[in-house]
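Heads up, the thing below is written out as C-alpha cells.
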Amino acid sequence: MTIFFNEIYNVVSSGLTALQAAQATGKAQKNPVSESIFLSAWVTKVLKQHSFDRCVVKTLQEWQQQSRTMGKNAQLKLHFERLAETYAKVTDEQGQSIAITSAVMTTFYAALEQQDWLVTNEYEVNRKVSHHTDGKASLVVCSAQYAAAINDEGELVKPLSLYIRGNVQQFIDIAYQHSILLFKITDYKSKVKFHGEYIIYPLNTGTHLPELPTRIL
C-alpha cells in the first residue's frame, strides 16, 4: 500500500523539478504569476493522467481548486517548497521517514518544559476532563494510550493523541525540531477542556497534510 507521506513528498518534489526544468528551457518564467500558471497546469495534468497514487488525489484536487479561485495568491510554489523542506527534515538518507521513539518523546517533553510548557503524561484521559494549568501552556498525553502506542522496542507503532493549550505554532516548531509532525484534529474542543487535539503517527505517516513549522529562510 502506498503511504501518503511518501507519495505527497514525491508529488511536491516532482512538481518543483518540473518547474525548474521548464524555467531552464524558457517554457516558464521566473516570476510568481508564471510559476503559479505552470504549477496549476501541472497539477491538472497529473490528475488527468493519474500520475500519482489515489491517496493524494484529494489533496491535488484541493490545490487545483485553490489555484483556479485564487490564482497566484494560491502560492503553490511556496507551498510545495515548504512541504518538500518539511518532509526532507523527517526522512533519512534513503528517503524513509524517521521513527518516533520513547527517547525522542522524552527529549521532546524536556524541550517543551524548557519553554515553560506544563507536560502532564501520568494520567489516563478516558473521558472529558478539566486540566488546570495556572495560565501555563499545556500538553496532556493519556498514559494508557501512550503505553499502548509504544512497542517493546520503544518505537511508536500506533497513533497518539496530544492535547494542547497554548502557542500552537511554537508547539509545532518544537515538535519539528525533534522530527515529529503534527496532524490537527481540533484546535479547541477535545477530551481535555480548552485543549485542542493533535495526533502524531508512527513514522510521521499521517493520511493528510501535517501542520507546517515556521519557515526559516
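These values consider heavy atoms only, across backbone and side chains, with no hydrogens, waters or symmetry-generated copies. For the single chain, residues carry numbers from 1 onward in sequence order.
- Between the CE atom of Met70 and the OG atom of Ser36 there is a distance of 10.0 Å, given to the nearest 0.5 Å.
- In this structure, the side chain of Ser67 does not engage the main chain of Ser40 through any donor-acceptor pair within 3.5 Å.
- With contacts defined as side-chain heavy-atom distances shorter than 4.5 Å, the pair His50/Val57 does not qualify.
- Annotation for Leu83 and Pro210: closest pair CD2-CD, 4.5 Å, computed over non-hydrogen atoms.
- Under a cut-off of 6.0 angstrom, the local environment of NZ in Lys189 is sparse, with at most 12 non-hydrogen atoms contributed by other residues, nucleotides or ligands.
- Residues Ile164 and Trp117 have side chains in contact (heavy-atom distance under 4.5 Å, counting atoms from C-beta outward).
- Between the side chain of Gln115 and the main chain of Ala110, no donor-acceptor pair closer than 3.5 Å is present.
- A donor-acceptor pair shorter than 3.5 Å cannot be found between the side chains of Thr101 and Glu155.
- Note: Tyr201 and Phe183 have perpendicular aromatic rings, judged against thresholds of 30 and 60 degrees for the angle between ring planes.
- Following chains of ILVMFWY side-chain contacts shorter than 4.5 Å, one cannot reach Ile3 starting from Leu203, and the two form parts of different hydrophobic clusters.
- Of all the heavy atoms in Ala111 and Ile174, the pair that sits closest is CB-CG2, 3.9 Å.
- The backbone N or O of Ser179 lies less than 3.5 Å from a partner atom in the side chain of Asn204, making a donor-acceptor pair.
- The minimum heavy-atom distance between Pro213 and Thr86, with the atom names listed, is CD-OG1, 3.6 Å.
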Notebook entry, point to check: Can Phe194 and Ser138 be said to form a side chain to side chain contact (heavy atoms under 4.5 Å, CB included), step by step?
Noted result: CA-CA 10 Å; Phe194 301 130; Ser138 167; over 6 Å; no
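- Side chain of Arg165 to main chain of Tyr188: no donor-acceptor pair is present (N/O by atom type, distance under 3.5 Å, no hydrogens or angles).
- With contacts defined as side-chain heavy-atom distances shorter than 4.5 Å, the pair Thr120/Val141 does not qualify.
- Across all non-hydrogen atoms, the minimal contact from Lys158 to Pro202 is N-CG, 3.4 Å.
- Classified by interplanar angle (parallel below 30°, tilted 30° to 60°, perpendicular above 60°), the ring pair Tyr87/Tyr9 is tilted.
- Although no hydrogens or angles enter the test, the distance criterion places no donor-acceptor pair under 3.5 Å between the side chain of Ser13 and the main chain of Asn10.
- Between the side chains of Ser143 and Glu124, no donor-acceptor pair is found at a separation under 3.5 Å.
- The closest side-chain heavy-atom distance from Leu162 to Ile199 is not below 4.5 Å.
- Not a single donor-acceptor pair under 3.5 Å links the side chain of Gln29 to the backbone N or O of Ser34.
- For the atom pair Arg82 CZ and Leu212 CG, the distance stands at 4.5 Å (nearest 0.5 Å).
- Contact record, Ser190 with Glu197: CB-CB, 4.0 Å, taken as the closest heavy-atom pair.
- How far NZ of Lys58 is from CD of Glu62: 6.0 Å, rounded to the nearest 0.5 Å.
- Between Tyr146 and Ser102 the shortest side-chain heavy-atom distance falls below 4.5 Å.
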Item checked: Val125 vs Gln145, side chain to side chain contact (heavy atoms under 4.5 Å, CB included): CA-CA, chis, key distance, verdict -> CA-CA 8 Å; Val125 181; Gln145 190 190 20; over 6 Å; no
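- The aromatic rings of Phe108 and His178 are tilted relative to each other, their planes meeting at an angle between 30° and 60°.
- Looking at Gln177 and Asp173, their side chains never bring a donor and an acceptor atom within 3.5 Å of each other.
- Follow the hydrophobic side-chain contacts under 4.5 Å out from Ile37 and you never reach Val43; the two are in separate clusters.
- The side-chain heavy atoms of Leu47 and Gln64, taken from C-beta on, include a pair separated by under 4.5 Å.
- The distance from the NE2 atom of His195 to the OG1 atom of Thr186 is 12.5 Å, given to the nearest 0.5 Å.
- Taking 4.5 Å as the limit, every side-chain heavy atom of Trp42 sits out of range of all side-chain heavy atoms of Leu19.
- We find the CD-CG distance between Glu211 and Asp187 to be 9.0 Å, quoted to the nearest 0.5 Å.
- Between His79 and Trp63, the two ring planes are perpendicular [angle over 60°; tilted spans 30° to 60°].
- Shown here for Val11 and Phe80, the closest heavy-atom pair between the two residues is O-CE2, 4.5 Å.
- Val157 and Leu181 fall into different hydrophobic clusters, where Ile, Leu, Val, Met, Phe, Trp and Tyr residues are linked whenever their side-chain heavy atoms come under 4.5 Å apart, directly or through other members.
- Under 3.5 Å, the side chains of Gln23 and Glu35 contain a donor-acceptor pair of N or O atoms.
- Taking CD1 from Ile180 and CD1 from Ile98, the interatomic distance works out to 11.0 Å, rounded to the nearest 0.5 Å.
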Next item on the list: Please lay out, stage by stage, how Phe4 and His208 fare under the test ring-ring contact (aromatic ring centres under 6.0 Å, His included).
Entry: CA-CA 7 Å; Phe4 179 88; His208 56 283; 7.5 Å; no
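- Leu182 places none of its side-chain heavy atoms less than 4.5 Å from the side chain of Tyr176.
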